[in-house]
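Here is the structure we will look at.
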Amino acid sequence: MGIIVQKFGGSSVADPDKIKNVARHAIDEFKAGRQVVVVVSAMGKTTDNLLALARQITESPNPREIDMLISTGEQITIAMLAIAIQSMGYDAKSFTGPQVGIVTDSSHRKAKISHINDKKLRKELDAGNIVIVAGFQGMTIDNEVTTLGRGGSDTTAVALAAVLKAEVCDIYTDVDGVYTADPRIVPGARKLDRISYDEMLELASLGAKVLHSRSVEVGKNFNVPIHVRSSFDSVRGTMVVQEAREMEDIVVSGVAHNRNEAKVSIIGVPDRPGVAAQVFGELGAKHIVVDMIIQNVGSQGLNDISFTVSKDDLGEALKLSETIAKNIGAKEVRHDRDIAKVSVVGVGMKSHSGVAATMFKALADKAINIDMISTSEIKISCVISEKDVDNAVRAIHKAFELEAGATK
Ligand code: ADP
Ligand code: ASP
Ligand code: MG
């Protein structure tokens, strides 16, 4: 009997009626003769609300306790869904991540799944249950509760699909697929029938929150077919698949944006070997992920080093940078929270020139200033002011003729 994993995000389980809708989706698959695992997120904005609750006490709560707090959100949904499915006459059982053997490393708030013991899952499925699993959470080998990073329920689902060798992992959400840009910002964005793991991974890593980037990585590594689709209608969504040949003809397949970055600048850094290694070595040791880095060569043997980190890490990055600045004899540390990153992604960029110029011109035509630039084989990113992000995404989307009906 084939196994299917379905995942429903926060807005798809926001209230009891929506949870009943999810129950019907699960039962439909079960009636079609499949074994069904359903992964759910916390109801609506529950995770945000729990985080806000902790912030009413302190701005820097302990990450272990945050995991204890925010992992409760998903636990409410699993029980509600089990109750809904049972009330419709079918057998269902809910489980937390730890209960179904989801083992992670110990980095709280951004843990990675290291192992899943599928014995219990298989036993419950074989007993005829629709199995419901709390997304976003796991446990370390020391029995500490962890969470997988915001949006991490997608990763729970794809990882379960991988260990269970499921036929497909259906990601049900509030849009009906992956678009060429966030359809909430670009109304003319076009839905993609298929997208390669590599492109989806770039888009997700660059801020397209329709899929958690780690889920795409797991999907790619274990070859899990991922179907992104709507909870609220039954149209076919977007399949995330291995690279397809025809995709190479498409230069740019999407535009992504991320408002969750902040910039730190260490000003007046003495120009000598080893300074960058020290700065980024110390940030890395604290598990702070640095995204873009720029070094401006100044005068009198002094440089400015600027880098971006996630807004969540800004406080810690600033504290560390102040100490480092003092130690290396730099002049001062500045920061800017009001930045955003816009990016274009496309496998076809590998073999096409002029993509960067088109992107820069689109921004220039809207008088949007570029603060930082970074490129890879299949993406170009620019840091701009946060207030310009919607305009920038629309302008770039247009410049690459990505809208529905365009001839590219
Ligand atoms: P869920 O709660 O179901 O996990 P998310 O809010 O995490 O849903 O992700 C879905 C949202 O992702 C959409 O509402 C949409 O605004 C946003 N999004 C960003 N980029 C894209 C894109 N390229 N295609 C589709 N949706 C996108
Ligand atoms: N509830 C978690 C969050 O809001 C996980 C998820 O939705 O995937 O980030
Ligand atoms: Mg999500």
Side-chain angles (χ1 to χ4, degrees), residues 6-14 18 21-22 39-52 66-67 69-78 97 109-111 133-138 146-159 169-193 195 199-216 226 228-232 237-238 240 252-260 312 340-346 389-390 393 396-397 402-404:
Q6 305 180 310
K7 179 262 171 179
F8 294 86
S11 43
S12 308
V13 293
K18 295 206 169 100
N21 175 47
V22 169
V39 174
V40 284
S41 296
M43 292 170 68
K45 299 255 168 264
T46 302
T47 311
D48 288 334
N49 296 342
L50 290 169
L51 285 166
I66 284 293
D67 276 351
L69 178 67
I70 60 181
S71 60
T72 62
E74 273 67 14
Q75 203 169 327
I76 297 172
T77 326
I78 54 170
R109 302 195 63 175
K110 43 188 163 193
V133 179
F136 179 55
Q137 52 175 252
T146 52
T147 62
L148 309 179
R150 297 304 307 269
S153 297
D154 298 331
T155 300
T156 306
V158 177
C169 183
D170 275 333
I171 303 284
Y172 286 91
T173 182
D174 57 4
V175 280
D176 60 5
V178 178
Y179 280 73
T180 47
D182 186 339
R184 289 181 204 286
I185 293 186
V186 186
R190 185 166 44 85
K191 189 166 91 183
L192 302 165
D193 286 335
I195 185 167
E199 284 173 308
M200 191 62 238
L201 187 54
E202 285 288 346
L203 283 176
S205 313
L206 294 168
K209 65 178 186 151
V210 62
L211 281 176
H212 193 232
S213 61
R214 182 82 186 131
S215 73
V216 187
I226 301 174
V228 178
R229 56 195 301 187
S230 166
S231 300
F232 308 112
T238 302
V240 188
V252 165
S253 39
V255 182
H257 67 281
N258 182 358
R259 298 173 206 267
N260 193 33
D312 306 330
K341 186 171 70 175
V342 284
S343 312
V344 293
V345 170
V389 71
D390 288 9
V393 172
I396 295 167
H397 193 267
L402 293 171
E403 17 347 49

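Bear in mind the structure is a predicted one, so any value in this text is a computation, not a measurement. Atoms within each ligand, like the ligands themselves, are counted from 1 in listed order. Side chains are part of it too, since the values below use all heavy atoms of this structure and drop only hydrogens, waters and symmetry mates.
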Does ligand 1 have any atom sitting under 4.0 Å from a heavy atom of S12? no
Report the nearest protein non-hydrogen atom to [atom]: residue, atom name, distance rounded to 0.1 Å.
atom                    : value
atom 25 (C) of ligand 1 : G177 O, 3.4 Å
atom 21 (C) of ligand 1 : D182 CA, 3.7 Å
atom 2 (O) of ligand 1  : G10 N, 3.1 Å
atom 27 (C) of ligand 1 : V210 CB, 3.7 Å
atom 23 (N) of ligand 1 : Y179 O, 3.0 Å
atom 4 (O) of ligand 2  : R150 NH2, 2.9 Å
atom 11 (C) of ligand 1 : D174 OD1, 3.9 Å

Has [X] got a side-chain atom pairing as donor or acceptor with [Y]'s backbone, closer than 3.5 angstrom?
X    : Y    : answer
R190 : T180 : no
D67  : R109 : yes
S215 : T155 : no
T238 : L192 : yes
Q137 : S71  : yes
E74  : S41  : no

Any non-hydrogen atom of [X] lying under 4.0 Å from ligand 2?
X    : value
G9   : no
H212 : no
G73  : no

Heavy-atom side-chain proximity of T47 to F136 below 4.5 angstrom: yes
Derivation and outcome, salt bridge (charged side-chain N to carboxylate O under 4.0 Å, His left out), residues R259 and D390: CA-CA 10 Å; R259 298 173 206 267; D390 288 9; 2.8 Å; yes
Do any nitrogen or oxygen atoms of R184 come within less than 3.5 Å of a nitrogen or oxygen of ligand 1? yes
Going through the distances and angles, do D154 and K209 end up as a salt bridge (charged side-chain N to carboxylate O under 4.0 Å, His left out)? CA-CA 10 Å; D154 298 331; K209 65 178 186 151; over 6 Å; no
Record the part of [X] in heavy-atom contact with ligand 1 below 4.0 Å; permitted values are side chain, backbone, both and neither.
X    : value
T173 : both
K209 : both
P183 : side chain
K7   : side chain

From Y172 atom OH to R229 atom CZ, the distance as rounded to the nearest 0.5 Å: 3.5 Å
What is the distance from atom CG of L206 to atom CG of L201, rounded to the nearest 0.5 Å? 9.0 Å
Which of the numbered atoms in ligand 1 are under 4.0 angstrom from any heavy atom belonging to V175? 13 (C), 14 (O), 25 (C), 26 (N)
Just jot down the ligand 1 atoms closer than 4.0 angstrom to any heavy atom of V178, in number order. 24 (N)
Just jot down the ligand 2 atoms closer than 4.0 angstrom to any heavy atom of G151, in number order. 3 (C), 5 (C), 6 (C), 8 (O), 9 (O)
Decide yes or no on salt bridge (charged side-chain N to carboxylate O under 4.0 Å, His left out) for K18 and D174, but give the supporting numbers first. CA-CA 12 Å; K18 295 206 169 100; D174 57 4; over 6 Å; no
Pair R150 + D48: basic N to acidic O under 4.0 Å: yes
Quick check: [X] and ligand 2, any N/O pair under 3.5 Å apart?
X    : answer
F136 : no
S41  : yes
K7   : no

